[in-house]
Protein chains: 2
Amino acid sequence: MDNQDIRKAGLKVTLPRVKILELLENSTQRHVSAENVYKMLIDRDEEIGLATVYRVLTQFEAAGLVTRQNFEGGYAVFELDRGGHHDHLVCVVCGKVEEFVDATIEKRQREIAKEHGFEIVDHSLIIYGHCGNPKCHVG
Amino acid sequence: MDNQDIRKAGLKVTLPRVKILELLENSTQRHVSAENVYKMLIDRDEEIGLATVYRVLTQFEAAGLVTRQNFEGGYAVFELDRGGHHDHLVCVVCGKVEEFVDATIEKRQREIAKEHGFEIVDHSLIIYGHCGNPKCHVG
DNA sequence: CTCGTAATGAAAAAGATTCTCATCACCATT
DNA sequence: AATGGTGATGAGAATCTTTTTCATTACGAG
């Protein structure tokens with residue numbers, strides 16, 4: 001029940017919000033920029049403004065429905081928060097993104113935060129590299 | 001020998017480049033944005049253009065003198081590469097940044113990259129939290 | 001010292017995101 | 001089912017960060 005998620009976030013169930021949530025659920029790409037979302041909706045002949053896409057994604061983030069990541073490139077990408085947290089492996093050549101979770105790293109992070117007197121709220125771990133695809137390896 | 005570092009990077013030793021490198025070495029803040037660098041230099045009555053600051057920082061990054069980080073907020077911060085790599089703890093309230101290195105995490109990252117068929121080039125780990133300062137705690 | 005070329009500054013351009021404001025649509029209440 | 005209040009939307013302007021353009025300047029090889 002998507003609409004319930006929107007309602008739970010204290011937001012009205014409006015067409016743009018429903019469409020954006022649907023798109024995030026059905027998209028083949030898990031990581032999309034605001035521009036991506038906008039263009040995909042326009043391609044589907046949905047009437048929507050870019051400003052609304054930004055607003056809604058920001059609201060979804062605040063509601064914990066979506067996570068915002070600052071990858072390299074100077075823009076943010078959003079992804080649906082399905083269940084658990086995870087980190088990212090990004091191919092610097094083709095841009096492919098893989099996800100992973102590692103208990104050892106998670107645990108060490110909590111220990112490190114404590115050692116420094118920090119109360120951990122969130123974290124972002126991105127490993128950049130060349131993926132398995134031979135085309136993505138330098139000659 | 002800063003100027004040698006610049007020369008080694010295949011760059012001419014020019015006033016702006018020398019001034020920026022000096023500033024990065026002497027700054028109390030280790031993590032500065034391009035805007036920061038620009039303003040600091042203007043405050044010191046240095047004649048410099050913002051475009052040059054961006055150009056030089058990008059060149060320094062390519063030369064391995066400086067590291068660029070994409071923190072939250074939509075802009076990049078740069079820091080001088082003194083010796084070793086390290087990760088960051090950032091206070092979400094006051095913006096304070098602490099650095100750390102953890103062998104366990106570094107090792108696991110290499111293992112994870114390998115498991116996924118990635119050849120690791122770089123990584124970025126940022127832990128966000130509330131720092132020790134009582135003012136930075138909610139409630 | 002001179003000259004070619006790389007580097008610079010200023011301003012314009014580009015790209016990402018946010019804001020403004022008049023109009024519109026959810027939805028609780030009739 | 002109609003309606004009104006309020007929050008949401010769209011379009012475009014505005015803002016912010018970063019890059020590009022181009023005429024001018026200055027490093028440094030010879």
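Each chain gets a letter, A, B and so on, in the order its sequence line appears, and its residues count up from 1.
- The side chain of V56(B) lies closest to dT8(C), out of dG28(D), dT8(C), dT6(D).
- Between R55(B) and T52(B), the side chains place a donor N or O and an acceptor N or O closer than 3.5 Å (distance only, hydrogens not considered).
- Between dT18(D), dG9(C), dA11(D), one nucleotide has an atom nearer to the side chain of I48(B) than all others, and that is dG9(C).
- Between R108(A) and E106(A) there is no salt bridge, since none of the side-chain N atoms of the basic residue sits less than 4.0 Å from a carboxylate O of the acidic one.
- Rounded to an integer number of Å, the gap from CZ of R7(A) to P of dA8(D) is 13 Å.
- Rounded to an integer number of Å, the gap from CG of L41(A) to C1' of dG10(D) is 14 Å.
- A 4.5 Å side-chain heavy-atom check between I112(B) and Q109(B) finds every atom pair outside the cut-off.
- Taking a 6.0 Å sphere around OH of Y75(B), one finds it holds 12 or fewer heavy atoms contributed by other residues, nucleotides or ligands.
- Listed by first then second residue, pairs satisfying ring-ring contact (aromatic ring centres under 6.0 Å, His included) with a partner in residues 6-48 of chain B read H31(B)-H88(B), not counting sequence neighbours.
- As rounded to whole Å, 15 Å separates atom P of dT9(D) from atom OH of Y38(A).
- Nearest-nucleotide positions on DNA chain D place G73(B) closer to the 5' end than the other of V13(B) and G73(B).
- In the helix from dC1(C)-dG30(D) to dT30(C)-dA1(D), the terminal helix axes, each the rotation mapping four pairs' C1' atoms onto the next four within five end pairs, subtend 30°, rounded to 10°.
- As a whole-Å value, the separation of R68(B) CZ from dT18(D) C1' is 9 Å.
- Here dG9(C) is the nucleotide among dG9(C), dT17(C), dC27(C) with the atom lying nearest to any side-chain atom of P16(B).
- Counting any heavy atom pair closer than 4.0 Å across all strands shown, Y75(A) reaches sugar-phosphate atoms only and no base atom.
- With distances taken from any side-chain atom of T52(B) to the nucleotides dG9(C), dT9(D), dT17(C), the minimum falls on dG9(C).
- In terms of phosphate contacts, T14(B) brings no side-chain nitrogen or oxygen within less than 4.0 Å of OP1 or OP2 of dA26(D).
- Ranking dC27(D), dT19(D), dC27(C) by closeness to the T58(B) side chain, first place goes to dT19(D).
- In summary, the side chains of H86(B) and E79(B) do present a donor paired with an acceptor at a separation below 3.5 Å, with no hydrogens or angles considered.
- Atom-to-atom, CG of L11(B) to P of dA6(C) comes out at 12 Å; the value is rounded to the nearest Å.
- For S33(B) and L50(A), each mapped to the nucleotide of DNA chain D holding its nearest heavy atom, the one lying further toward the 5' end belongs to L50(A).
- The shortest side-chain heavy-atom distance between I120(A) and I127(B) falls under the 4.5 Å cut-off.
- Side-chain contact between H123(A) and I126(B): absent, with no pair of heavy atoms (C-beta onward) separated by less than 4.5 Å.
- Comparing dG4(C), dG12(D), dT19(D) by their closest approach to the side chain of A51(A) singles out dG12(D).
- A straight line from CG of L57(A) to C1' of dT18(C) spans 14 Å, rounded to a whole angstrom.
- When the C1' atom of dC19(C) is taken as reference, atom OH of Y54(A) falls 14 Å away, rounded to whole Å.
- Here R17(B) does not reach the OP1 or OP2 of dC27(D): none of its side-chain N or O atoms lies under 4.0 Å away.
- To the nearest angstrom, P of dT17(D) lies 16 Å from CD of E72(B).
- DNA chain C is contacted by both A34(A) and R55(A); A34(A) maps to the nucleotide lying nearer its 5′ end (nearest heavy atom per residue).
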